[in-house]
Amino acid sequence: MKKHIEAAKAVAVKVNGEFKDFQSLESIDPQSTVELVNPESKEGKEIYRHSTSHIMAHAVKELFPDVKFAIGPAIDEGFYYDFDRAEPFTPEDLEKIEKKMKEIIKRNNPFVRKALPKSEALDLFSKAGEDYKVQLIQDIPDETVSLYEEGGFTDLCRGPHLSRTGKVKAFKLLSIAGAYWRGDEKNKMLQRIYGTAFFTKEDLKAYLDFLEEVRKRDHRKLGKELDLFSLSEDIGPGLILWHPNGAIIRKTIEDFWREEHLAADYKLLFSPHIAKLNLWQRSGHWDFYRENMYSPMEIDEVAYEVKPMNCPFHIDIYKSSMRSYRELPLRYAELGTVYRYERSGVLHGLLRVRGFTQDDAHIFCREDQIEGEVLDILDFTLFILKTFGFENYDIYLSTRPEKYVGTLENWERATNALKQALEKKGPAYMVDPGEGVFYGPKIDIKIKDVLNRAWQCSTIQVDFNLPERFDTVYRGSDGKDHRPIMIHRALMGSLERFFGILIEHYAGIFPLWLSPVQVAVLTISEKQDGYAGEIFKAFRKAGIRTEINLENEKIGYKIREATLKKVPYLVIIGDKEAAEGKITVRKRNGENIGPFTTDEFIRIIEEEIQTKSNK
RNA sequence: GCCCAUGUAGCUCAGUCGGCAGAGCACUUCCUUGGUAAGGAAGAGGUCACCGGUUCGAUUCCGGUCAUGGGCUCCA
């Protein structure tokens, strides 16, 4: 009996480890091992969503017979299908398509698999004018291809599929977007419809609620509401203006960062925003990174470049005097502002910009010191990230890309050094082949925010190449010159991007130590102006970011205003407080605490700020 | 860069089938001195993103530019 229930829920079967339709069981070798595919498994969801994608294609075919079909796979959170149609789809079309899909699901037609020799399939689809399918078939190496038919709609597909359309219980079409055929901008732009599907209406609702939560936390929206930053048409796309509220948060982050770097035995540097083009030619950036660099500018007939990276400056400082092996590892850190060309279409709030400040550092060391340095950096990174409330990570090791400088041997050594450090430290990590930077392999740490979304921030890169190019040396114990290794690393990545992630992570409700305004003093009536002014001064004097509201408004109004600004503590001053020489405090969540004396409360707050509590 | 959508007051948005534009909030002033998320009244505020075209007349229609948004790496 239990088996029957499972079979009814299962989306497909796995025969000898291969995913198949239920249909395939009819002609199965009795010796085979058969497993049911659990709907909650990754593959189960994929099959379910893929079938939903087919149902969408079918609906589109019925509604818009002139459409040509490209591809329609399942993706992480749903599915899409790419169509070629002269007219653009509208949001109203999506509603029509959804309606039609519901009809098709109700018809509960079976998905029927047919295997066909390639030549026949080619014939079939070229007659139907399905150019994209023809191209797809031509690229399939096998001799036979499979088709799936459901209610008169046939599509090229590897499968497997659900047994019937009626198995789809909850789906939603989400958006329309342009997408190049095969992701290549040289190809025609198709219309992509995104959707998602779940096994139950509850799961679908939970997902749609999640999307709503993401919208609510959008850093661009909160950035405006909380007056943190802006972009201006007059300044230029991808260039951030930090408003006072954002700037004070940045300053707090920077202070913390500098203190911790000094404590970790880094030296702080500052370097200019431009340098001679020659420098970038020598570093290799001009050859390997030019597509991200701006056009040179001419100063006194010499070409200069706005910097896309800080490394050559740090190397120059390193080289400004003789270095002994005794000085290594030498750790140079800078909050260095760089400018990189990003295509206009990829710019996105604070998360993808053209000018940003890296929390950069370059460590010059001997080869035998790499592993130890990388281990220290990993610890340091996790400590910094934890302070901002990020405790979950995915770690990646990125290897040599297609465009690279340096010898294969050096790449090998550098990659091994990173690998060994990771293995010694012990966290699970994944390999990202070909995703390294042109000058060396790297470890990337992707942090997970409260909504469990992954963001890449931290990066650790080993570099044998720049020291070579700049003929960087240190004097060894043997009295000879040796080549140091350089490690590039950033913990937060860029302050702009990290700030954007922080805003979304905290939904704008920053912990006290980061809050732009930490305390708001609110009076009941103007009778308390004098007493409230003294309180305000005392907080300010204690270094607490405090504002006072003496407006001619009722207390309810003042509380609302401060609450919308997400001020952590509201100090309420009325006749009672003035008479007793105390204060009453309302927390951001509406809870009232106190009464306290001003000194008592300052001590409480100072403690919370100092510990950088994340609550 | 490309496809689609959007651009109206500081913010959120309505509106004009072509006849020189509106709301709420915010802002200013006045009244109110009120104890935990919006007290009342009045006022000020816009080259309807920008440039050009069509028209007697354009914020509205057409073209271009700029900016913003959703995407363009998930491979039948």
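Throughout, protein chains are lettered first and strands after them, A, B, ... in sequence-line order, and every chain is numbered starting at 1.
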What interatomic distance, in whole Å, is found between [atom1] of [M] and the corresponding atom of [N]?
| N | M | atom1 | value |
| --- | --- | --- | --- |
| B:rC62 | B:rC17 | P | 15 Å |
| B:rG71 | B:rA37 | C1' | 39 Å |
| B:rG69 | B:rC13 | P | 14 Å |
| B:rU65 | B:rG1 | P | 10 Å |
| B:rA9 | B:rA5 | P | 22 Å |
| B:rU60 | B:rG53 | C1' | 15 Å |
| B:rG15 | B:rG22 | P | 15 Å |
| B:rC50 | B:rG10 | P | 13 Å |

Nucleotide of [options] approaching [X] most closely (side-chain heavy atoms):
| X | options | answer |
| --- | --- | --- |
| A:Lys554 | B:rG39, B:rC2, B:rU36 | B:rG39 |
| A:Ile75 | B:rC74, B:rU36, B:rC72 | B:rC74 |
| A:Ile559 | B:rA76, B:rG1, B:rU36 | B:rU36 |
| A:Ile524 | B:rC72, B:rG35, B:rU36 | B:rG35 |
| A:Pro88 | B:rA76, B:rU33, B:rC4 | B:rC4 |
| A:Arg586 | B:rA76, B:rU36, B:rC2 | B:rU36 |
| A:Arg182 | B:rG39, B:rU36, B:rC75 | B:rC75 |

Anything under 30° is parallel, anything over 60° is perpendicular, the rest tilted; go ahead and classify A:Tyr294 against A:Tyr341.
->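 Perpendicular, since the angle between the ring planes exceeds 60°.
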Can you label the angle between the A:Phe83 ring and the A:Phe89 ring as parallel, tilted or perpendicular, going by 30° and 60°?
->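 Answer is perpendicular, since the angle exceeds 60°.
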Nearest-Å distance, NE2 (A:His243) to P (B:rC11)?
->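 Rounding to the nearest Å, NE2 of A:His243 and P of B:rC11 are 11 Å apart.
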Distance in Å, A:Arg453 CZ paired with A:Ile501 CD1, rounded so as to fall on 0.5 Å steps =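 Answer rounded to 0.5 Å: 9.0 Å.
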Nearest 0.5 Å, what's the NZ-CG distance between A:Lys566 and A:Asn245?
->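 Here the interatomic distance stands at 12.5 Å.
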For a quick test of reading the model: is some side-chain N or O of [X] closer than 4.0 Å to OP1 or OP2 of [N]?
| X | N | result |
| --- | --- | --- |
| A:Lys188 | B:rC2 | no |
| A:Arg158 | B:rA76 | yes |
| A:Tyr194 | B:rC72 | yes |
| A:Arg343 | B:rC72 | no |

Greater than 12 external heavy atoms within 6.0 Å of A:Glu212's CD |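 Buried by this count: over 12 neighbours within 6.0 Å.
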May I ask you to say what [X] touches in the nucleic acid, namely base, sugar-phosphate or nothing, with a heavy-atom cut-off under 4.0 Å?
| X | value |
| --- | --- |
| A:Leu147 | nothing |
| A:Glu553 | base |
| A:Asp575 | base |
| A:Gly183 | sugar-phosphate |

Compute the centroid of each ring, for A:Phe171 and then for A:Phe198, and state whether the two points are separated by less than 6.0 Å.
->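 Between A:Phe171 and A:Phe198, the centre distance exceeds or equals 6.0 Å.
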Where each residue is assigned the nucleotide of RNA chain B containing its nearest heavy atom, which of A:Lys224 and A:Ala177 is assigned the position nearer the 5′ end?
->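 Looking at the nearest nucleotide for each, A:Lys224 comes out on the 5' side.
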Want to settle it: does A:Ala70 or A:Gly556 sit nearer the 5' end of RNA chain B, counting the closest nucleotide to each?
->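 It is A:Gly556 whose nearest nucleotide is closer to the 5' end.
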Is it true that [X] and [Y] have a side-chain N and a carboxylate O under 4.0 angstrom from each other?
| X | Y | answer |
| --- | --- | --- |
| A:Lys446 | A:Asp444 | no |
| A:Glu130 | A:Lys68 | no |
| A:Arg215 | A:Asp218 | no |
| A:Lys118 | A:Asp142 | no |
| A:Lys42 | A:Glu46 | yes |

Produce the list of close N/O pairs, under 3.5 Å, pairing protein atoms with atoms of nucleotides 67-69 of chain B; give distances to one decimal.
| unit_1 | atom_1 | unit_2 | atom_2 | d |
| --- | --- | --- | --- | --- |
| B:rG69 | OP1 | A:Arg220 | NH1 | 3.0 |
| B:rG69 | O3' | A:Arg220 | NH1 | 3.3 |

For A:Glu561, enumerate each residue passing the side-chain contact (heavy atoms from CB on, under 4.5 Å) test, keeping only those at least two apart in sequence or located in another chain.
->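 With sequence neighbours excluded, A:Glu561 shows a side-chain contact (heavy atoms from CB on, under 4.5 Å) to A:Asn549, A:Glu551, A:Tyr557, given in chain and number order.
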Under the ring pair (Phe, Tyr, Trp, His ring centres under 6.0 Å) test, residues paired with A:Phe438 that sit two or more places apart =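 So A:Phe438 forms a ring pair (Phe, Tyr, Trp, His ring centres under 6.0 Å) with A:His285, A:Phe288.
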Knowing that exactly one of A:Ile573, A:Ile548, A:Thr523 qualifies, which makes a side-chain contact (heavy atoms from CB on, under 4.5 Å) with A:Asp529?
->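 Exactly one pass, corresponding to A:Thr523.
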Given side chains that start at C-beta, do those of A:Arg340 and A:Met293 come closer than 4.5 Å, heavy atoms only?
->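 Answer no - side chains too far apart.
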Write down the protein N/O and nucleotide N/O pairs, taken from nucleotides 23-31 of chain B, whose separation is under 3.5 Å; answer none if there are no such pairs.
| unit_1 | atom_1 | unit_2 | atom_2 | d |
| --- | --- | --- | --- | --- |
| B:rA26 | OP1 | A:Tyr557 | OH | 2.5 |
| B:rC31 | N4 | A:Asn552 | ND2 | 3.4 |

Partner of A:Tyr148 by side chain to side chain donor-acceptor pair (under 3.5 Å), out of A:Arg158, A:Arg113, A:His54, A:His161 =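 Answer to the side chain to side chain donor-acceptor pair (under 3.5 Å) test with A:Tyr148 among A:Arg158, A:Arg113, A:His54, A:His161: A:Arg113.
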If a stem is a run of at least 3 consecutive Watson-Crick or G-U pairs, both distances under 3.5 Å, which stems include RNA chain B?
->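 If one scans RNA chain B for consecutive Watson-Crick or G-U pairs, the stems found are B:1-7 with B:66-72, B:10-13 with B:22-25, B:27-31 with B:39-43, B:49-53 with B:61-65.
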Is there a residue in residues 109-124 of chain A whose heavy atoms reach under 4.0 Å of RNA chain B, and which residues are they?
->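 The stretch gives none, as no residue of it lies under 4.0 Å from the strand.
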